[in-house]
Amino acid sequence: MNTDGEPNSVCLSDLARTSGGWLAASGPESDVVVSTRIRLARNIVGYPFMSQASDEIRRSLVEAIGRAIPATPQTSDFLFIDVGELDALDAQLLVERQLISRELSISEGPRGVFIGRDEQISIMVNEEDHVRMQILNSGLALQESWETIDSLDDALEEQISFAFDEKLGYLTACPTNVGTGIRVSVMLHLPALRITREIQKVHQAAQKINLAVRGLYGEGSQAMGDFYQISNQVTLGCSEEELLDNLADVLPNILSWERRVRDLLCRDNKSQLEDQISRAMGILTSARSISSEETMHLLSSVRLGVNLGLVSTVDIAKVNELFIHTQPSHLQKISGGPLKTTERNEARARHLRDNLSD
Amino acid sequence: MKKCRRCAKSATLHITEIQDGKAVAVHLCNSCAQEYLDEEAEQVSSAPPEDVSAKLEELMSEDADTDTRCTNCNISFGEFREQGRLGCPTCFEEFRVDLMPLLENIHESATHMGKRPKRSPAQTVDQARLIQIRQRLEDAIDREDYEQAASLRDEIAEIEKTLRPAIQSESDADAAD
């Protein structure tokens with residue numbers, strides 16, 4: 001475990017130049033499914049929840065978990081990042097990277113995150129619950145992700161006792177997480193369903209079976225770049241396997257729906273579609289200043305173009321990476337320091353030109 | 001130039017819709033397009049995706065005895081309703097009467113069906129006592145009563161020892177070998 005401030009900053013600038021494994025587009029169905037994420041909420045026996053936890057208690061929680069993680073085989077080489085010590089830019093980098101939540105980045109008091117070397121697993125300490133462990137994989141990988149996080153949960157439980165009630169299951173600060181404490185989120189890229197406004201039907205269909213549809217960065221965020229997260233809402237009354245099955249049943253329908261509409265657009269509106277994608281590529285490879293919002297919007301068209309074989313100069317992994325590397329904090333880290341909005345827009349345009357031109 | 005589908009003006013906006021499994025281009029003039037988009041927006045807002053947190057807020061506004069306090073962490077039911085977060089695991093016991101309907105409403109069930117710890121969970125009585133002693137420890141530190149703080153720390157260590165998973169003591173034994 002590394003609790004030093006100095007090596008953290010080195011590690012964070014490395015992070016900004018690389019991309020997490022979940023962006024590799026190497027997983028199944030990666031033309032539509034960007035990533036699969038599962039998180040478990042747990043609290044440690046004998047401590048109050050966060051709302052009643054003083055800094056002293058929060059500190060001893062960080063210590064208790066800090067002892068358990070190096071002693072657990074799966075997490076023995078995890079890196080600890082003291083989020084309370086990070087400046088805003090570094091904390092935001094971890095948010096953009098999906099390694100921590102926005103809530104953890106802006107909250108107060110002793111808190112942190114343990115991160116696996118390949119960024120597949122991260123364990124937040126003192127977020128809404130004492131422990132929030134998550135696994136993030138490329139593509140559609142429900143079963144595999146569950147098996148890994150389930151065995152990590154078991155292994156951690158050999159080191160620390162989690163608050164558990166025979167009838168209510170794992171006890172969490174918010175009643176919406178009680179029971180399994182699980183949230184399974186699959187991130188989808190659905191440009192064709194958005195262009196044709198079919199996406200509304202996805203919302204309605206998902207709602208009927210208790211699934212939520214959210215934007216890129218979860219609750220309350222908009223569907224930037226045509227990315228949608230589909231996740232379970234209910235955590236009590238059905239097993240983890242049932243929840244996974246529920247998602248596994250509905251996802252193929254959404255995937256084939258998106259693909260069908262992509263084909264239709266190609267067949268009936270090819271020239272319009274080609275025009276849109278070529279224009280997007282044109283702006284991205286020649287703009288001198290560009291906002292993050294416009295970038296997301298245009299990259300979405302390029303991603304669609306690559307999947308339809310209309311763009312061949314980049315691959316999906318590169319486009320995925322550009323979505324993250326053009327976010328404000330990554331961009332500033334890559335450029336070597338804080339930038340004002342106008343400077344950021346210029347740096348973003350430069351980064352896109354450098355990475356998308358032949 | 002194409003004519004607007006709704007009036008005779010020239011179309012300036014082209015929208016692709018799916019109709020009977022076919023992509024159909026809808027051509028509209030500026031003012032009809034605005035109407036079209038407003039209709040769409042209305043459809044969207046009339047069926048907002050229901051979110052658990054929204055549901056929780058709605059349920060929280062219902063009547064309940066807001067002055068009841070958790071004897072363990074001292075949070076009141078009113079405070080819980082305000083912030084939407086409970087204070088400690090014992091709150092589930094203390095606020096059971098008001099919480100159970102809430103849980104059933106959110107999850108349509110109040111019985112855990114998922115995984116459980118491999119070993120039997122720690123004694124709830126000890127769990128609650130630990131939280132109380134930790135609070136007394138803080139009071140003692142605030143009062144700078146270090147003698148009491150030290151004895152409370154010992155007490156915590158004692159309980160923690162009994163709560164520690166069996167496996168841990170085995171590996172401790174290994175390390176001692």
Side-chain angles (χ1 to χ4, degrees), chain A residues 43 45-52 54 56-57 71 128 150 153-154 157-171 173-176 178-180 182 195-198 200 203-204 206-207 210 212-213 219 233-240 242 260-261 264-265 267-269 272, chain B residues 14-18 21-25 40 43-44 47 49-53 56 72-75 83-89 91-92 99 102-103 106-119 121-122 124 126-127 130-131 134-135 138 141 156 159-160 163-165 167-168 171:
Chain A
N43 288 280
V45 154
Y47 290 87
F49 293 152
M50 302 317 298
S51 70
Q52 301 300 99
S54 62
E56 170 89 9
I57 284 177
E128 185 182 298
D150 180 33
D153 182 43
D154 288 346
E157 209 150 34
E158 290 179 4
Q159 304 295 330
I160 30 177
S161 297
F162 294 135
F164 182 85
D165 176 90
E166 282 300 322
K167 185 161 190 293
L168 295 176
Y170 290 95
L171 302 177
C174 183
T176 57
V178 168
T180 51
I182 197 174
I195 292 169
T196 56
R197 292 150 191 268
E198 294 285 285
Q200 242 350 86
H203 275 276
Q204 285 154 8
Q207 202 182 312
N210 272 328
V213 182
E219 245 156 293
Q233 301 243 63
V234 164
T235 55
L236 188 62
C238 46
S239 68
E240 292 84 353
E242 282 171 322
R260 212 164 51 235
V261 176
L264 277 173
L265 288 173
R267 197 187 68 198
D268 303 340
N269 287 63
Q272 204 183 325
Chain B
H14 312 282
I15 295 164
T16 313
E17 264 190 359
I18 300 289
K22 273 192 171 170
V24 180
E40 287 283 323
Q43 270 184 24
V44 172
E50 197 176 347
D51 206 87
V52 175
S53 43
L56 181 66
N72 189 42
C73 72
N74 204 34
I75 197 177
Q83 59 198 25
R85 306 285 182 271
L86 292 156
C88 75
C91 291
F92 285 94
L99 265 182
L102 192 82
L103 289 173
I106 297 169
H107 302 283
E108 290 167 21
S109 163
T111 310
H112 178 56
M113 303 295 282
K115 77 179 281 190
R116 40 191 65 238
K118 294 272 179 289
R119 46 190 176 70
T124 32
D126 287 341
Q127 292 183 36
L130 252 187
I131 296 175
R134 281 214 169 85
Q135 274 167 349
E138 263 179 52
I141 293 172
I156 289 174
I159 301 175
E160 276 189 330
L163 286 178
R164 259 170 138 198
I167 286 284
Q168 171 97 10
S171 62

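Excluded from the calculations below are hydrogen atoms, water molecules and symmetry mates; all remaining heavy atoms, backbone and side chain alike, are included. Letters A, B, ... are given to chains in the order of the sequence lines, protein chains preceding strands, and every chain is numbered from 1.
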**Student:** Taking the side chain as every heavy atom from C-beta outward, state whether A:L168 and B:H112 have any pair of such atoms under 4.5 Å apart.
**Tutor:**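 SC-SC contact between A:L168 and B:H112 ruled out.
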
**Student:** I'd like to verify something: which residue of A:I195, A:V178, A:I182, A:N43 has the highest number of heavy-atom pairs under 4.5 Å with chain B?
**Tutor:**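 If we count pairs closer than 4.5 Å to chain B, A:V178 comes out on top.
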
**Student:** Looking at A:E157 and B:K118, does any basic side-chain N land under 4.0 Å from a carboxylate oxygen?
**Tutor:**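 Salt bridge between A:E157 and B:K118, a charged N being under 4.0 Å from a carboxylate O: no.
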
**Student:** Please flag which part of B:I141 lies under 4.5 Å from any non-hydrogen atom of chain A: side chain, backbone, both or neither.
**Tutor:** side chain

**Student:** I need the residue from B:L86, B:N72, B:L103, B:I75 with the largest number of non-hydrogen atom pairs under 4.5 Å to chain A.
**Tutor:** B:L86

**Student:** Apply side chain to side chain donor-acceptor pair (under 3.5 Å) to A:S54 and list each qualifying residue two or more places apart in sequence or on a separate chain.
**Tutor:** B:E138

**Student:** For A:D150, which residues count as a salt bridge (Lys or Arg N to Asp or Glu O under 4.0 Å) partner, sequence neighbours excluded?
**Tutor:**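 For A:D150, the residues satisfying salt bridge (Lys or Arg N to Asp or Glu O under 4.0 Å) (neighbours in sequence not counted) are B:K115.
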
**Student:** Tell me, side chain or backbone of A:D154 under 4.5 Å from chain B's heavy atoms, or both, or neither?
**Tutor:**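 A:D154 touches chain B through backbone and side-chain heavy atoms alike.
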
**Student:** Between A:Y47 and B:R134, is there a cation-pi geometry (under 6.0 Å to ring centre, at most 45° from the normal)?
**Tutor:** yes

**Student:** What option among A:R260, A:K167, A:Q272, A:E56 has the most heavy-atom pairs under 4.5 Å with chain B?
**Tutor:** A:K167

